[in-house]
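Have a look at the structure below, then the notes.
Lettering of chains follows the sequences in order, A, B, ..., and the numbering in each one begins at 1. Because the structure is predicted, anything quoted here is derived from the model rather than measured.
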Amino acid sequence: MIKITLPDKSVKEFDSDIDGIGLAKSISNSLAKSAVCIDVNGELKDLSYVIKEDSKCKIYTKQDQYALDTLRHSTAHVLAQAVLNLFPGTEYAVGPPIEDGFYYDFLFKENIKESDLSSIENEMRRINKANQLFIREEISISVAKNKFLKQQFKQELISTADPSEGVEGDNISIYKNDNFEDLCRGPHVSSTSQINHFKLTKLAGAYWRGIETNPQLQRIYGTAWFSKEELDNYLARQKEAEKRDHRKLGNELDLFVNTDELGPGQFLWKPKGSILRQNIEDYSKKAHADNGYEYAYTPHIGRSVLWETSGHLDYYKEGMYPPLKNEDNKDDEYYLKPMNCPFHILIYKSDIRSYKELPLRFFELGSVYRYEKTGVLHGLLRARGFTQDDAHIFCTNDQIEEEILNLLTFSIKLLNAFGFDSIEADLSTRPEKSIGNDDDWLKATNSLASALDNQNISYVTAHGEGAFYGPKIDLHVKDAIGRRWQLSTIQVDFSQPDNFDLQYVDSNNKRIRPVMIHRALLGSIERFTGILIENYAGHFPGWLAPVQVKILTIGEVSNYVKEILKSLKNVRLEIDDRSIRLGEKIHDSTKEKVPVSIIIGEKDVSLRTMALNIHDQDNQKDIKLEDGIKQIKNVIKVPKFKL
RNA sequence: GCCGAAGUAGCUCAGUGGUAGAGCAGCUCACUCGUAAUGAGCAGGCCGAGGGUUCAAUUCCCUCCUUCGGCUCCA
């Protein structure tokens, strides 16, 4: 007698052993049909898994994420099978499910091309039609090693595998279907016939085990779903995301441009983009000025000794532009700044500081230059030249926690103002390559953690992800289509004050080392603008839009337009009085994503009315002038910044 | 930096071993127009750069640059 407890606490009893599918059938035929895998006492198993003792079970159906993962994992196997059929002698590495799909990594005898994907996909369809069963086997490690004799990656996996990877004692599990077998902990769908709705999406390079010095494999990405509808939805979603691409919209909306002559990773801001950027910068500057920060301005280059002292040349030389040299004086070398902090430190050092002055907060929209690898550049989101909303806070040890607390509030309010309401935090700890002593690191990390706790912000710890000089809190936002972006970063630093021998005089007239806090809230203005573009799909809120209002005229209404202009002083406004049809004017203002279009014709003049098209709202006709103006002012209102 | 893809008019793209085409945008003219592109005409290109093969290269080959999708990286 076996008792099986289901999630609703009900108990099913069976006279003998029962497998997953049998259990599903005993509950209902429809459940058996949509069942994909089963959780037995917290472990995911195939439906063919035989339950031999009293257990807690949950059956996963096509609606569950685990079921999707299982399908995708199985599809990855079929991909590898197809590849091995078509390209004998290929070595195969790993092929897990990932968000929205799966991949498999291969070492081909000769690299394949993207055009090979269609024949691989065809072979996968053949395997799908062949209705092959996935069969689990447990074999000993030594048998496994013999089985995968010519597979160096499998050999390595066998040697290093642990229980989470299908090892139990001396045994390791494999899955077979037809001529194909692979190391795998499972579970899988029962047959290849269930793998119907998939598509190979891209071919890319990927290092074995993600380590740059390891051989580079070719990774094939794909997506798989239980229904055609879901697959089509996914593909449509991808298209939708493409439409939001800030590089595409930046071009279409005339915001910024990059040219070959300028060099990669640098951008020119066109007038419309500059207005957008200026709005963002002005808002940030004012928020800072109103909340205890003082402006600083610093140059773009500094002597190499500065970067030696700061440690940047030791820790980050690869990421810096090569030095500017002086022919007449070889020792006079300059570097473009990759960070603003050494300059702010020099400002701090330019005076003897008293404890009464602290905390000192220097704020700057500082443009920095980092020599990013060509392959990582990505429009505004990853540029070589960019501007940080950067500040450095110099304070006493006792002030750290309160500063961090205030910073968290400040940062969250600032992100809120730009329309980001969903915010999450990461706490990054000491990386391998770093400076400073363990005590200081621990102290700094703890003060960050307790600030997060105090603010009731949930966070995950990112081990070893801190900066080389200190731990950090990163704030992430979710955008309109659910993507997560890292924006704010707050970093505690005991090392730079040491490097630069910073001091303040305390109340006992003793010289004490201050602590530094580095922080950028919007991060890079370029990147932030790019994220805003994608978040709003180019439909900026009224206060940010480069053109806030467009007046579309019909016939001769110029005097009435002048009157309207008087009520809309300081509004970024354009008038379209071309002698073309109204439809075309509307088409253009829509394409330019102007938030508000006012339409006025001759009949509006005597009635003192207008028609109003406001983005995302129904068109309005015969609106009273005053009412229209009121609505417009509401749409373009700048959000208040209040702590 | 590495693997794959791509670079043709301002933009989006077609095309060919015999030095190029469309739509949109631009300019000119006509139309004077009430909710998502009026019509006609004109102008616009060293086919990313350099080298090679060829009688001939935008097309084929090589190198480089840039962009795109990933990997690694992101102080």
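Between rG69(B) and H378(A), a contact under 4.0 Å exists linking OP1 or OP2 to a side-chain N or O. Phosphate proximity of rU66(B) to N258(A): absent, as no side-chain N or O sits under 4.0 Å from OP1 or OP2.
Applying the side chain to side chain donor-acceptor pair (under 3.5 Å) test to Q491(A) and every residue at least two apart in sequence or in another chain returns Y469(A), T489(A). Residues satisfying the salt bridge (Lys or Arg N to Asp or Glu O under 4.0 Å) criterion with E240(A), sequence neighbours excluded, are K243(A). By the side chain to side chain contact (heavy atoms under 4.5 Å, CB included) test, A204(A) pairs with Y221(A), sequence neighbours left out.
Going from the P atom of rG34(B) to that of rG41(B) covers 26 Å, rounded to whole Å. rA25(B) sits 36 Å from rA5(B) when the P atoms are compared, rounded to a whole Å. Taking atom C1' on both rC27(B) and rG69(B), the two are 39 Å apart, rounded to the nearest angstrom. To the nearest whole angstrom, the two C1' atoms, one in rC47(B) and one in rG7(B), are 10 Å apart. Spacing between rA9(B) and rG45(B) at atom C1', rounded to whole Å, works out to 5 Å. Atom C1' of rA37(B) sits at a distance of 16 Å from the matching atom of rG26(B), rounded to the whole Å. Going from the C1' atom of rU58(B) to that of rG39(B) covers 35 Å, rounded to whole Å. Taking the P atom of each, rA20(B) and rC24(B) are spaced 23 Å apart, rounded to whole Å.
Q491(A) comes within contact range of the sugar-phosphate backbone alone, with a heavy-atom separation under 4.0 Å but no base atom that close. E114(A) comes within 4.0 angstrom of sugar-phosphate atoms only, judged by non-hydrogen atoms across all strands, and of no base. Nucleic acid contact class of P338(A) (heavy atoms, under 4.0 Å, all strands): base. G466(A) comes within 4.0 angstrom of no nucleic acid atom, judged by non-hydrogen atoms across all strands. Within the nucleic acid shown, Y221(A) comes within 4.0 Å of sugar-phosphate atoms alone, with no base atom in reach, counting heavy atoms only.
Ion pairing between K593(A) and E252(A) fails under the 4.0 Å rule for side-chain N and carboxylate O. Residues E99(A) and R484(A) are not paired through a salt bridge, judged by the lack of any N-O separation under 4.0 Å between the basic side chain and the carboxylate. Under 4.0 Å is where a charged nitrogen must lie from a carboxylate oxygen, and between K550(A) and E592(A) at least one such pair does.
The listed nucleotides are rU67(B), rU35(B), rG1(B); the one nearest the side chain of K373(A) is rG1(B). Taking the side chain of T374(A) as heavy atoms from C-beta on, and the options rG1(B), rG34(B), rG69(B), the nearest nucleotide is rG1(B). For K202(A), the side-chain atoms get nearest to rG70(B) when compared with the rest of rG70(B), rG34(B), rC73(B).
For residues 236-262 of chain A, the ring pair (Phe, Tyr, Trp, His ring centres under 6.0 Å) pairs, not counting sequence neighbours, are F256(A)-F267(A), F256(A)-W269(A). Legend: salt bridge (Lys or Arg N to Asp or Glu O under 4.0 Å) pairs involving residues 464-476 of chain A, not counting sequence neighbours, sorted by first then second residue: K472(A)-D474(A). The salt bridge (Lys or Arg N to Asp or Glu O under 4.0 Å) pairs that include a residue from residues 102-116 of chain A are D105(A)-R219(A), where partners are two or more places apart or lie in different chains.
One side chain, W208(A) or E156(A), offers a donor N or O that lies under 3.5 Å from an acceptor on the other.
If R219(A) and N613(A) are placed on RNA chain B by their nearest nucleotide, the residue sitting closer to the 5' end is N613(A). Taking for each of I112(A) and A204(A) the nucleotide of RNA chain B with the nearest heavy atom, the 5'-most of the two is the partner of I112(A).
For residues 546-559 of chain A, proximity to RNA chain B is found at I554(A), defined as any non-hydrogen atom under 4.0 angstrom from a strand atom. Residues of residues 239-252 of chain A having a heavy atom closer than 4.0 Å to RNA chain B, listed by number: R247(A), N251(A). Within residues 577-598 of chain A, the residues having any heavy atom closer than 4.0 Å to RNA chain B are, in order of number, S579(A), I580(A), R581(A), L582(A), G583(A), E584(A), I586(A), H587(A), T590(A).
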Side-chain donor-acceptor distances from residues 340-349 of chain A under 3.5 Å, at least two apart:
from	atom 1	to	atom 2	distance (Å)
N340(A)	OD1	K337(A)	NZ	2.8
N340(A)	ND2	Q388(A)	OE1	3.2
N340(A)	ND2	D390(A)	OD2	2.8
H344(A)	ND1	H392(A)	ND1	2.8
H344(A)	NE2	E364(A)	OE1	2.7
Y348(A)	OH	Q503(A)	O	2.8
K349(A)	NZ	F500(A)	O	2.8

For residues 620-629 of chain A, which side-chain donor-acceptor pairs fall under 3.5 Å, sequence neighbours excluded?
from	atom 1	to	atom 2	distance (Å)
Q620(A)	OE1	Q631(A)	NE2	2.9
Q620(A)	NE2	Q631(A)	OE1	2.9

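Remark: the Y207(A) side chain and the rG1(B) base include a donor-acceptor N/O pair separated by less than 3.5 Å. With hydrogens and angles ignored, no donor-acceptor pair closer than 3.5 Å exists between the side chain of N111(A) and the base of rG4(B). A donor-acceptor contact under 3.5 Å is not formed by the side chain of R527(A) with the base of rC74(B).
Proximity of a side-chain donor or acceptor of N251(A) to a complementary backbone N or O of K248(A) within less than 3.5 Å is not detected.
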Given the rule in the ring pair (Phe, Tyr, Trp, His ring centres under 6.0 Å) test, do Y104(A) and F106(A) qualify, once you have shown the distances and angles that lead to the verdict? CA-CA 7 Å; Y104(A) 213 113; F106(A) 303 97; 5.1 Å; yes

Can you check ring pair (Phe, Tyr, Trp, His ring centres under 6.0 Å) on H312(A) and F468(A), steps first, answer last? CA-CA 9 Å; H312(A) 284 91; F468(A) 72 82; 5.8 Å; yes

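Every stem involving RNA chain B, taken as at least 3 paired positions in a row under the Watson-Crick or G-U wobble test at 3.5 Å, is listed here: B:1-7 with B:65-71, B:10-13 with B:21-24, B:26-30 with B:38-42, B:48-52 with B:60-64.
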